[in-house]
Amino acid sequence: IIELDEQYLVQNYKKFDVAFTYGSGEFLYNTNGDQFYDFISGIAVTNLGHAHPDLVDTIQEQAKKLWHVSNLYEIPNQEELANRLVDETFADTVFFTNSGAESMECAIKMARKYWFEKGESNRSTIITFDNAFHGRTIATISAVGSEKLTKGFGPLLPGFVQIPIEKDDYSQLESEIQGSDVAAIIVEPIQGEGGIIPLSDEFLKVIRNLCDQTGVLLIFDEIQCGVGRTGKLFAHEWAGVYPDIMTIAKGIGNGFPLGACLATEEAASGMTAGTHGSTYGGNPLACAVGLKVLDIISQPDFLADVNKKAGFFRQKLESLIAEHSEIFELVRGQGFMLGIKCKVPNMDVVANAYEHNLLLVPGGDNVIRLLPALNICEVELTEAFHRLELTALSLEAAL
Ligand SMILES: *Cc1c(COP(=O)(O)O)cnc(C)c1O
């Protein structure tokens, strides 16, 4: 398998030398049949675990009926899913995509078109935060601007400004956002790739107020933190601060490619017939899965249960950090979107946890991310935690 990879695939990924052939709930099984605790969930995607029986049934039933017709026609599953998303959120209207970056592209185009239609085509600049991640298209790497994403891919798309996340000093944000050329600001309520960095409720409120004063559109990127990951359907609900536009993907399809850009009617007003589109976006198969995912997450007690289990796990992590202070520094995040900042290189922790059949993913700021399936039970959380303890012990022994 590894030889074929090297021979036939673009070598842009750095992969572990393992292939998983089977998954069930919070477990993955490799080609030898070894069982692993999956605390990556395909990077916050399989929020309901692998091979969820209801999702398997849903996709099989829809596959027998209809996969794809294009957006030349009405797609009842798409209209129903849009209706559900609107009912559950601030939004009035939805555009469907197949991935996170495509959802961001829609959000960026929507914001610029909004101002164009208002006769202010000079208002095209979009503010983002340092350390953010919004995808890998030219527009979304230009938005973030970091050398890590952009080097060698220029010329980049103009019209983006990055500012730092300052804890108590909002002066740079205030002065940038007053600019007469600013169309929108893009915010991850909890930065994911950046290393699980939550923005404080207060900071989100300041941003919302500044947007209200200036008319600048507030775009939340909830591609990683959305769809139940933090214990609310969407992370911004914790702060009670609502955007004008929101992008989602990852968890909404539980692994089937599906994304969306949600917006208020006002923010979406520039997206008139023929101005944007997607061949596959909102196809019957993807939307059938999305509907079932929402059904499951919206069951009474589902999110309350996530918060209960996440609180239990968080306490254990706090004790882990206290006991292994040479390995770990602190834990942050919300619900099951958790990051531990490490004192040893985070890749060493990931590699060692792998030896204990626990799958973790690194993030920025020397963090390991813990992103288990939301429906994992306390018994399995405890066992996975035990493997984290064993990881800490072996790393300590090697110091
Ligand atoms: C993963 C991610 C994206 C990009 O999603 P893709 O489906 O890989 O294009 C954008 N923003 C955030 C916050 C993400 O975590």
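Just the heavy atoms: all of them, side chains too, but no hydrogens, waters or symmetry mates, feed the values below. As the structure is a prediction and not an experimental result, all values here were calculated from the model. Counting convention: from 1, in listed order, for ligands and their atoms alike.
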_At less than 4.0 angstrom from any non-hydrogen atom of G135, what atoms of ligand 1 do you find?_
4 (C), 10 (C)

*Atom indices of ligand 1, in the order listed, that fall short of 4.0 Å to a heavy atom of H134*: 10 (C), 11 (N)

*Below 6.0 angstrom between ring centroids: does that apply to Y22 and F27?*
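No; F27 has its ring centre 6.0 Å or more from that of Y22.
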
Return a yes/no value for [X]: is any of its N or O atoms, backbone included, closer than 3.5 angstrom to an N or O of ligand 1?
X	result
E102	no
A101	yes
K250	yes
D221	yes
F133	yes

*Is atom 8 (O) of ligand 1 close to the protein, meaning a heavy atom under 4.0 Å from it?*
no

Under 30°, 30 to 60°, or over 60°: which ring-plane class applies to [X] and [Y], parallel, tilted or perpendicular?
X	Y	value
H276	F95	tilted
F90	H236	perpendicular
Y37	F39	perpendicular

*Record the part of A249 in heavy-atom contact with ligand 1 below 4.0 Å; permitted values are side chain, backbone, both and neither.*
neither

*Is it the side chain (CB and beyond), the backbone, both or neither of E188 that lies under 4.0 Å from ligand 1, heavy atoms counted?*
side chain

*Under 4.5 Å between any side-chain heavy atoms of F302 and L48, yes or no?*
yes

*asked:* I'd like to know if M337 and L360 are part of one continuous hydrophobic network [Ile/Leu/Val/Met/Phe/Trp/Tyr, side-chain heavy atoms within less than 4.5 Å].
replied: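 Linked, L360 and M337 end up in one cluster.
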
*asked:* Do I248 and M104 sit in one hydrophobic cluster, given that two such residues count as connected whenever their side-chain heavy atoms are within less than 4.5 Å of each other, even indirectly?
replied: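 No, it is not one cluster - the side chains of I248 and M104 are not joined through contacts under 4.5 Å.
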
*asked:* Please list the nearest protein heavy atom to atom 6 (P) of ligand 1 with its residue and the distance rounded to 0.1 Å.
replied: G100 N, 3.5 Å

*Validate the cation-pi geometry between R208 and F220: distance from NZ or CZ to the six-membered ring centre under 6.0 Å, angle to the ring axis within 45°.*
no

